[in-house]
Amino acid sequence: MLDVKFVRQNPDIVRRSLQNRRTEADLDRFLKLDEERRNLLFEVEKLKNLRNSESEEIARKKKAKEPADELIARMKEVSQQIKEMDEKINEVEKSLEEILLTIPNIPDDSVPIGESDADNVEVRRWGEPTKFDFEPKPHWDIGEDLDILDFERARKITGSRFTVYKGAGARLERALINFMLDLHTQKHNYKEIFPPFIVNRDSMTGTGQLPKFEEDAFKLANNNDYFLIPTAEVPVTNLHRDEILSKDDLPIYYVAYSGCFRAEAGSAGRDTRGLIRQHQFNKVELVKFTDAQSSMQELEKLTADAEEVLELLGLPYRVVVLSTGDLGFSSAKTYDIEVWMPSYNRYVEISSCSNFKDFQARRARIQYRPEKGAKPVYVHTLNGSGLAIGRTTAAILENYQQSDGSVIIPEVLREYMGGLNKIDI
RNA sequence: GGAGAGAUGGCCGAGUAGGUCGAAGGCGGUCGCCUGCUAAGCGAUUAUACGGACUAAAAUCCGUAUCGAGGGUUCGAAUCCCUCUCUCUCCGCCA
């Protein structure tokens, strides 16, 4: 959510942001309503002031046993007027809020302007796309041939876009979770959080999933206000919703494993096979709370922390900075980390690292005091996958597959796999 | 699921026969004074949002709102009425 005053004073910046993002919001109506609201407030507050002072006068008269009937009658009318105006103001404010919640964050100046993901800019590359001297298989075939992924039975017990992991596959998934949590807590100083996988409406609104993207979320049928989390970002960022932190608390680094649940409305037909796009997947998420001065620098560090996972796993990747046309609603700047996926013959997103600046914090009311006794200001929030587990599993299966159908376990994972160094038939 | 209790400022905690209550008191915080230092003491101050005036911008000043949320009664509500939400205690059930 943007600051109302900012929008009022900088309509041109907001308009340009909307254009660059190739998105729309009714900015003109917002500005008009905003002015209307202020005019109404000015009038109604005058009336309220009158009512307050005259009410005191009535009290005085009554105490002094003087007649006050005439004054009471007049105030009755004033109160009626106030009531009507208050209703009008409520309507206007509701409309304003609705529009404000549909206005996306202002992209950082360093973000390239572009139409779509085609205009994202590659900033670096690590490793080389894996070469094979045989015909490599996609991970869904590898998984079924090794009997470690079972898409067929997942369809039976639940439906499409679910997977049953079995044997070494289940172990690999669990190993990756533990490996990543250990790396980020021990080497990068994140504090581990194990959050609820179900959150309420306020939390979903606080991080920006609602109201605009309700159709993408799974909502619990027996409780209107509970949602399955689409990412640990939601519960973890909302840890500090409605809080005022002290300067000494910052920066805060959290890492959380969670299951993630996405309805993926509107993505029918995309990535229908394998682990890439699921209704339920695992993810280790990095979340930071920082002050305004350091957030851009913290984004670089967070991205590097996620990249290190891929480097330790020996998986080739590249980093792209999202253009304005591809940038997420709440984000001011986002780096996508893309891993080399042989079956796609291209790099595939495996982590998305974003700086939301104060956009989420304003919405979730997360503040800190820069100085003792100073007025609270909004923190900056950041997050990124570190990494998406299912896609990492897919990338390992594909990049580490051997001509005999087996899959080598990356060195760093072996201790998490009970010493297993290869998945065989 | 059954029974009961409660939601007031950073915290604790008064305030229910409606009228200077944004709200006593305490703790905590800040500023100043004082004691050679520390402890103690004294004085003052101590919410947020929105709107307006003044500003380059602040500071400041004025106003309005806020005692869980929403609605109602009334000239006037923390105080009365209705609805909802949440928290706590006990019982039951349960990994």
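Chain A is the first sequence line, chain B the second, and so forth, proteins listed ahead of strands; every chain is numbered from 1.
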Practice task
Using the closest heavy atom to pick a nucleotide of RNA chain B for each, name whichever of R37(A) or K63(A) lands nearer the 5' end.
Solution key: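 Nearest nucleotide further toward 5': that of K63(A).
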Practice task
Name the residue closer to the 5' end of RNA chain B, choosing between V4(A) and N90(A) according to the nucleotide with the nearest heavy atom.
Solution key: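 It is V4(A) whose nearest nucleotide is closer to the 5' end.
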Please state the [atom1] separation for the pair [N] and [M] - nearest whole angstrom.
N      : M      : atom1 : answer
G9(B)  : A47(B) : C1'   : 6 Å
A78(B) : U66(B) : C1'   : 11 Å
C12(B) : G6(B)  : C1'   : 16 Å
C67(B) : G22(B) : C1'   : 9 Å
U16(B) : C21(B) : C1'   : 14 Å
G29(B) : C84(B) : C1'   : 36 Å
C11(B) : A69(B) : C1'   : 23 Å
G72(B) : C54(B) : C1'   : 41 Å

Nearest to side-chain heavy atoms of [X], which nucleotide of [options]:
X      : options                : value
S55(A) : G52(B), G63(B), C75(B) : C75(B)
F42(A) : U48(B), G51(B), C75(B) : G51(B)
L41(A) : U64(B), C75(B), C50(B) : C50(B)
A59(A) : C50(B), G19(B), G63(B) : G19(B)
K83(A) : C75(B), G51(B), G72(B) : G72(B)
K76(A) : U48(B), G71(B), C75(B) : C75(B)

Within the structure, does a side-chain N or O atom of [X] lie under 4.0 Å from either OP1 or OP2 of [N]?
X      : N      : value
R8(A)  : G51(B) : yes
R60(A) : U20(B) : no
R74(A) : C75(B) : no
S79(A) : G76(B) : yes
N52(A) : G63(B) : no
K48(A) : U64(B) : no

In whole angstroms, how far is the [atom2] atom of [N] from the [atom1] atom of [X]?
X       : N      : atom1 : atom2 : result
N49(A)  : C61(B) : CG    : C1'   : 15 Å
E45(A)  : U66(B) : CD    : P     : 12 Å
E93(A)  : G70(B) : CD    : P     : 12 Å
N39(A)  : U64(B) : CG    : P     : 19 Å
D202(A) : U85(B) : CG    : P     : 14 Å
E243(A) : G10(B) : CD    : C1'   : 13 Å
I82(A)  : G63(B) : CD1   : C1'   : 13 Å
D242(A) : A49(B) : CG    : P     : 13 Å

Partner nucleotide of [N] by Watson-Crick or wobble geometry (both distances under 3.5 Å):
N      : answer
U55(B) : none
G63(B) : C50(B)
A77(B) : none
A3(B)  : U89(B)
A23(B) : none
G18(B) : none
G41(B) : C33(B)

Handout entry: Flag for E233(A)-T207(A): side-chain donor and acceptor within less than 3.5 Å
Key =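 Their side chains do not contain a donor-acceptor pair, so the 3.5 Å distance test is not met.
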Exercise for the section: Say whether D326(A) and S116(A), considering side chains only, have a donor N or O and an acceptor N or O under 3.5 Å apart. Expected result: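 Checked: D326(A)/S116(A) side chains show no N/O donor-acceptor pair below 3.5 Å.
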Exercise for the section: Answer with base, sugar-phosphate or nothing: what part of the nucleic acid does K62(A) contact at a heavy-atom distance below 4.0 Å? Expected result: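 It contacts base atoms.
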Exercise for the section: Scan K5(A) against the nucleic acid and name what it touches under 4.0 Å (heavy atoms): base, sugar-phosphate only, or nothing. Expected result: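 Sugar-phosphate, backbone atoms only, no base.
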Exercise for the section: Run the ring-centre check on F329(A) versus F359(A) and record whether the distance is less than 6.0 Å. Expected result: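 F329(A) vs F359(A): aromatic centres under 6.0 Å.
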Is [X] salt-bridged to [Y], cutoff N-O under 4.0 Å?
X       : Y       : answer
D69(A)  : K61(A)  : no
D28(A)  : R15(A)  : yes
R262(A) : D216(A) : no
R391(A) : E398(A) : no

Exercise for the section: Using only heavy-atom distances, decide whether a donor-acceptor pair under 3.5 angstrom links the side-chain of E56(A) to the base of G19(B). Expected result: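 Checked by distance alone, the answer is no.
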Practice task
For the pair F197(A) and F194(A), name the ring-plane relationship: parallel under 30°, tilted 30 to 60°, perpendicular over 60°.
Solution key: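 Parallel: the ring planes of F197(A) and F194(A) meet at under 30°.
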